[in-house]
Amino acid sequence: MQELIERAATDLAAASYAVALTGAGMSTESGIPDFRGPQGVWTKDPDAERRAYLSYERFVADPGAWWKERLSAPIGALGSLEKTEPNPGHRALVELEKLGALRCVITQNIDNLHKKAGSRKVLEYHGNAFLLRCMNCNARFDFGEFDLQKLNEEGKLPPRCPDCGSVVKSDTVSFGEPIPQDVARQSLGEVVKCDFMLICGTSAVVYPFAALPRTARARRAEKEREALSGLVAVERLPAVTIVEINAEPTPLTLEGVSDYLIQGNTGDVLPQLVERVKAKMGAAKG
Ligand code: APR
């Protein structure tokens, strides 16, 4: 593993535009269970996963009833997210951003921990559990901007967007719900710009997020090489180096979408990666 961390530090320090893609594995060391790992929410309660698949359909059919149920429901499967704190993995990504080695975090996590840790450019692909979103204009709101209990008592659910009057939902993206256009577009914009992608703590089985590494893998960069004959040959080489940090191999590993996997915990591996990158950047300045 040490050799691979060293290799990743070399690749990252040499990159001109690096992005990180993250999943629930980033937050297990903060006490939030993942979904499909051995202790995952869906692994332990397949019924909960089946119910989750029906949520968006029910919302579209009757958003008022959906909200009524939501307001009376006990705390969700992920527990009380407010009380959770970032772990060394989250903080390591903040440091990489401060070093200028990382440009953006694209996360599937709704737990707000990347922002809480201090990451500045964060794209929340599956939304944020602390926000609401207008289903029409994509405006985001804090929960405090609506008195949901009062709306419930007055029979005025679902909440309505003050800008365009459309229905407002929690910002979290349910199964079957389209990814909000603004986040989808910005994320793709990062993926087509990057030359290094760090994929942390995801099983990479949920689409369309899992397509992002594949889009990066498909990109080619033309590199010129002078042949012995003196002729210049143009080679079309992979444009992006893709590195996974995960507790177990994923389809990206098995299908060769990633260049290599560092099999370990993000909270353990990422801080080590930061130290090596710092050393290389220091040596480069030297
Ligand atoms: N460090 C590294 N890897 C870890 C750690 C850790 N500390 N803890 C767990 N893992 C790994 C697990 O082994 C698993 O491979 O992280 C992965 C988490 O995968 P999932 O549970 O499938 O989570 P994720 O990929 O984020 O799920 C995607 O599915 O249920 C939906 O909307 C939900 O955003 C979520 C999406």
Side-chain angles (χ1 to χ4, degrees), residues 1 4-5 8 20-56 59 76-79 81 84-93 105-114 117 122-129 131 133 169-180 183-184 187 197-214 243-255 257-258 260-273:
M1 181 152 87
L4 287 173
I5 297 175
L21 272 56
T22 74
M26 276 293 301
S27 298
T28 53
E29 293 160 89
S30 293
I32 304 174
D34 62 13
F35 298 93
R36 297 171 191 82
Q39 302 306 317
V41 175
W42 304 152
T43 310
K44 290 183 148 179
D45 185 357
D47 269 349
E49 185 173 16
R50 273 189 284 278
R51 285 195 303 277
Y53 272 91
L54 301 174
S55 175
Y56 184 58
F59 178 83
L78 297 181
L81 296 178
T84 56
E85 292 298 331
N87 64 59
H90 296 104
R91 289 193 283 274
L93 294 181
V105 173
I106 309 173
T107 187
Q108 296 169 93
N109 301 343
I110 61 172
D111 56 32
N112 200 46
L113 289 181
H114 285 298
V122 180
L123 296 173
E124 293 165 316
Y125 207 77
H126 292 163
N128 184 309
L131 297 176
R133 173 171 33 91
K169 177 181 167 293
S170 64
D171 184 38
T172 53
V173 177
S174 305
F175 287 116
E177 180 180 354
I179 304 295
V183 177
S187 301
M197 180 179 278
L198 193 60
I199 306 177
C200 309
T202 178
S203 60
V205 296
V206 174
Y207 284 77
F209 187 91
L212 297 175
R214 295 168 192 282
V243 177
E244 291 178 276
I245 302 176
N246 207 55
E248 57 190 334
T250 74
L252 301 176
T253 329
L254 305 176
E255 295 163 28
V257 174
S258 63
Y260 50 96
L261 162 71
I262 304 176
Q263 193 160 353
N265 284 345
T266 49
D268 171 38
V269 173
L270 284 168
Q272 295 182 58
L273 179 64

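Ligands are counted one by one from 1 in listed order, and the atoms in each one are counted from 1 as well. This is a predicted model, so every value here is computed, not measured.
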Exercise for the section: Please state whether the rings of H90 and H114 are parallel, tilted or perpendicular, taking 30° and 60° as the class boundaries. Expected result: perpendicular
Completion exercise
Which of L270, D34, D111 passes side-chain contact (heavy atoms from CB on, under 4.5 Å) with M26? Answer is L270
Quick test: of every protein heavy atom, which one is nearest to [atom], and how far off is it to 0.1 Å?
atom                    : result
atom 10 (N) of ligand 1 : G25 CA, 3.6 Å
atom 27 (O) of ligand 1 : R36 NH1, 3.0 Å
atom 3 (N) of ligand 1  : A247 N, 3.0 Å
atom 23 (O) of ligand 1 : A24 CB, 3.5 Å
atom 16 (O) of ligand 1 : N246 OD1, 3.3 Å
atom 9 (C) of ligand 1  : D34 OD2, 3.2 Å
atom 28 (C) of ligand 1 : Q108 OE1, 3.1 Å
atom 25 (O) of ligand 1 : T202 OG1, 2.6 Å

Practice task
Please state whether W42 comes within less than 4.0 angstrom of ligand 1, counting heavy atoms only.
Solution key: yes
Heavy atom under 4.0 Å from ligand 1: found in [X]'s side chain, backbone, both, or neither?
X    : result
T28  : side chain
V206 : side chain
F175 : side chain

Nitrogen or oxygen atoms of [X] and ligand 1 under 3.5 Å apart:
X    : result
S203 : yes
P38  : no
V205 : no

Exercise for the section: Can you measure from CG (L21) to CZ (F209) and round to the nearest 0.5 angstrom? Expected result: 3.5 Å
Completion exercise
Between the CG atom in L252 and the CG atom in N246, the distance rounded to the nearest 0.5 Å is 9.0 Å
Completion exercise
Hits for salt bridge (Lys or Arg N to Asp or Glu O under 4.0 Å) against E124, two or more places apart or cross-chain, chain-then-number order -> K115
